[in-house]
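Here the structure is a predicted model, which is why all the values come from computation and not from measurement.
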Amino acid sequence: MSYDKELAAATKAAALAARLCQKVQKALLQSDVHSKSDKSPVTVADYGSQVLVSFALEKELPSMAFSLVAEEDSGDLRKEEGKETLQRITELVNDTLASDGTYDVSPLTEENVLRAIDNGKSEGGSRGRHWVLDPIDGTKGFVRGDQYAIALGLLDEGKVVLGVLACPNLPLGSVNSKEPQEKVGCLFSAQVGGGTYMQSLDGSSPVKVHVSATENPEEASLFESYEAAHSSHDLSSSIAKKLGVKAPPVRIDSQAKYGALSRGDGAIYLRFPHKGYREKIWDHAAGYSVVTEAGGVVSDAAGNPLDFSKGRYLDLDTGIIVTNQKLMPSLLKAVKESLSENASAL
């Protein structure tokens, strides 16, 4: 079954949301707001991104029953203290739509904006179709001026059938390059059975990408979360040592890691959240699609496939591991040994 129409809509929606996020991040970095406790620009971008994705998908696919599983809801914006933030979001969304010019529509009202945000309240599940969105994946990277992603996937009967990652700060060349890279801003897109493609965010022709073909763990480089609070760096280090990985880990925020891995920048991605943390489906659905269609494998720490059909959460064994098919057996073995030795690390 082809999802060409849905993939084209998702690509448009994510690219539109990326424009809003780029504008907010630029203003954020030019002010001193990110050094204070006030994270309101991030809030504005999160909500604004969700509004634009919701709006664009409904415009592009008017006949499709619309269900969206997303991170934000409008509760705080409907309170008295949220009024000013709602005004700023509405203004930003309308500015982005007007400057983009794709949609000839009247400016959205605050009520339109609230409704678009609340489209994201779906619980997902194993029946029907559900869009899955993280409007800004990698909030801390966003605040620092580093990597973040607009991550959008589609579930059909509980299976991820397409994924789009808009990564405004990811270079078009390898993240491992020592040369300065002028060209940044990537968009990865994938649909089941169709492979994974990368293009620049400003709309260059898509090129097909593939995960690293390396069979030798010593030649593999390894991705992990930038923030130690998001994943156990000690455990990753132990696994890398067992595999004989020589290169230091590449630490990147957000699902931009999935994008970089899908084009072969690195061969392994390890994520081991600390005890008690439950993974959300929007943190992995788009990245899962992009990597698997590029020939990679994504599983939990025990080697089980990820199950996106159970609602808003991914309940899995200990963590998530990503690599190519040739390295997976030795990686699973190293993970199993390290977990038994480092039982207290998580």
Under the side-chain hydrogen bond (donor to acceptor under 3.5 Å, both in side chains) criterion, do Asn169 and Gln25 qualify, and how do the steps go? CA-CA 11 Å; Asn169 292 336; Gln25 191 185 54; 3.0 Å; yes
Apply side-chain hydrogen bond (donor to acceptor under 3.5 Å, both in side chains) to residues His284 and Gln255 and explain how you reach the verdict. CA-CA 7 Å; His284 299 282; Gln255 287 177 70; 5.8 Å; no
Assess whether a salt bridge exists between [X] and [Y], defined as any Lys/Arg side-chain N lying under 4.0 Å from an Asp/Glu carboxylate O.
X      : Y      : result
Arg127 : Glu157 : no
Lys159 : Asp156 : no
Asp100 : Arg19  : yes
Asp118 : Arg78  : yes
Glu224 : Lys257 : no
Glu337 : Lys333 : yes
Arg278 : Asp315 : yes
Lys242 : Glu341 : yes
Glu58  : Arg115 : yes

Which heavy atom of [X] sits nearest to which heavy atom of [Y], and what is that distance?
X      : Y      : value
Ala15  : Leu187 : CB-CD1, 4.1 Å
Ala294 : Val209 : CB-O, 3.9 Å
Ala13  : Leu152 : CB-CD2, 4.4 Å
Lys310 : Tyr313 : CB-O, 4.3 Å
Gly125 : Leu155 : O-CD1, 4.4 Å
Ala302 : Asp317 : CB-OD2, 3.4 Å

Do [X] and [Y] pair up side chain to side chain, a donor and an acceptor below 3.5 Å, judged on atom types alone?
X      : Y      : value
Asn304 : Ser299 : no
Ser309 : Ser126 : no
Glu110 : Thr90  : no

Does NZ or CZ of Arg271 lie under 6.0 Å from the centre of the six-membered ring of Phe223, at an angle within 45° of the ring axis?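 Geometry flag: not set, cation outside 6.0 Å or 45°.
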Please say yes or no: joined through hydrophobic side-chain contacts below 4.5 Å, possibly via intermediate residues, are Val184 and Leu28 part of one cluster?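 Val184 does not cluster with Leu28.
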Quick check: is Leu172 connected to Leu261 through a chain of hydrophobic side chains (ILVMFWY, heavy atoms under 4.5 Å apart)?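 Leu261 and Leu172: separate clusters.
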Go through Gln191 and Ser289 one step at a time and tell me if the side chain to side chain contact (heavy atoms under 4.5 Å, CB included) criterion holds. CA-CA 7 Å; Gln191 67 167 303; Ser289 177; over 6 Å; no
Verdict with reasoning, Tyr269 to Tyr258, per ring pair (Phe, Tyr, Trp, His ring centres under 6.0 Å): CA-CA 8 Å; Tyr269 165 33; Tyr258 280 109; 5.3 Å; yes
